[in-house]
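Here is the structure we will look at.
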2 protein chains.
Amino acid sequence: MTTPSPLSALTTRNTRLFTLLLERELKKTGLRIGQLPVLQALQDGKTLNQKALADFADIEQPGMTTLLVRMERDGLIQREPDPTDRRSTLVTLTSDGQRKSRNIVPVMEHLTDIALKGFTPLERNILVTLLERINSSLKEQL
Amino acid sequence: MTTPSPLSALTTRNTRLFTLLLERELKKTGLRIGQLPVLQALQDGKTLNQKALADFADIEQPGMTTLLVRMERDGLIQREPDPTDRRSTLVTLTSDGQRKSRNIVPVMEHLTDIALKGFTPLERNILVTLLERINSSLKEQL
DNA sequence: ATAGAATACATAACATGTTATGTATATGGA
DNA sequence: TCCATATACATAACATGTTATGTATTCTAT
């Protein structure tokens with residue numbers, strides 16, 4: 001899309017392209033982008049309930065519920081009742097989830113290297129700083 | 001989400017926040033984000049077929065079809081057969097679509113001002129340049 | 001101790017996108 | 001001319017997210 005705002009057009013295009021390439025890379029490992037925050041949050045055998053996962057992934061609770069249903073169906077995670085709180089469901093990675101999650105970091109690093117090709121360390125820092133300032137300003141408006 | 005890549009985490013977060021605020025602003029005018037490219041492409045009485053709109057919005061054809069079905073249902077656009085090509089459907093804005101589309105640019109400018117609060121012109125230029133370089137690098141990988 | 005608020009989860013309806021596939025029409029080359 | 005191919009659109013199945021709402025459980029303040 002060509003928007004009236006060069007800035008948001010650029011960051012949106014940026015995110016879209018990165019997401020596209022990431023999705024393509026992840027397909028090789030049988031993962032989907034939406035699953036990444038869950039896999040990351042549960043690395044190293046960690047256990048979290050669904051609310052904590054929704055908070056971590058920055059999505060609403062119903063979205064996390066349906067995501068986890070699909071991930072359980074696909075054998076990536078396990079869900080079991082929290083013995084200390086009967087409202088709560090504890091989520092852990094299966095061994096297959098653990099194994100597949102180990103592919104994520106190398107893929108992200110590879111794509112980041114591609115995105116920042118030719119950037120000096122100074123340019124990387126400037127970019128990060130500017131983006132952080134924008135995020136700050138936007139967050140204030142929430 | 002906190003990803004292993006500070007860069008993509010930042011741009012993704014950036015896009016997400018901007019989208020959130022934009023969606024909130026647009027709600028006041030009865031529009032949705034997905035509709036923006038269509039409204040923009042058809043401004044000033046322009047007529048395009050569905051394929052051209054999909055290309056402009058950078059989404060696949062079936063996605064555009066369902067979007068246009070909803071927009072027609074909501075009275076934003078009109079669809080009629082192309083007399084010169086019976087495969088093709090010509091899309092135009094209704095007067096309500098025209099009217100609502102005029103709110104878009106001010107909203108985008110307002111949000112961009114918020115996002116870039118405190119930026120000097122130089123900083124704006126640097127940011128745009130760096131993002132364009134990233135977009136270039138990513139596009140090469142497609 | 002208990003009533004009311006808060007919390008965790010599920011479900012439904014929907015928006016927005018994807019890929020895969022089918023149908024109808026148009027077009028270009030033998 | 002006519003066949004193969006390309007093009008425009010629709011439909012289906014699905015992923016991923018939203019808001020609104022319901023249910024069950026827990027917590028808190030009286």
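Proteins come first, then strands; the chains are lettered A, B, ... in the order of their sequence lines, and each starts at number 1. Only a predicted model underlies this, so the values are computations on that prediction, with no experimental measurement involved.
- Scanning all heavy atoms of the two residues, the minimum distance from B:Leu42 to B:Gln98 falls at O-NE2, 4.1 Å.
- Between the side chain of B:Ser88 and the backbone N or O of B:Asn49 there is no donor-acceptor pair closer than 3.5 Å.
- Remark: B:Arg133 CZ is packed, more than 12 non-hydrogen atoms of other residues, nucleotides or ligands lying under 6.0 Å away.
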List every contact pair, protein side and nucleotides 1-3 of chain D side both N or O, where the distance is under 3.5 Å.
none

Could you pull out the protein-nucleic contacts involving nucleotides 19-29 of chain C (nitrogen or oxygen on both sides, under 3.5 Å)?
from   : atom 1 : to      : atom 2 : distance (Å)
C:dA26 : OP1    : B:Arg86 : N      : 2.8

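- With sequence neighbours left out, the side-chain hydrogen bond (donor to acceptor under 3.5 Å, both in side chains) criterion links B:Asp113 to no other residue.
- One N or O on the side chain of A:Gln35 and one on the backbone of A:Arg32 form a donor-acceptor pair closer than 3.5 Å.
- You'll find that the side chain of A:Thr65 is closest to C:dC9, out of C:dT18, C:dC9, D:dT16.
- Every side-chain contact (heavy atoms from CB on, under 4.5 Å) that A:Thr66 has, sequence neighbours left out, goes to A:Arg70.
- A donor-acceptor distance shorter than 3.5 angstrom exists from the side chain of A:Glu123 to the backbone of A:Thr120, with no hydrogens or angles considered.
- In terms of modelled atom types and a separation under 3.5 Å, the side chain of B:Thr47 and the main chain of B:Thr92 share no donor-acceptor contact.
- Within a heavy-atom distance below 4.0 Å of DNA chain D, the residues of residues 70-80 of chain A found are A:Arg70, A:Arg73.
- Each end of the helix from C:dA1-D:dT30 to C:dA30-D:dT1 yields a helix axis from five base pairs, and these two axes differ in direction by 10° (to the nearest 10 degrees).
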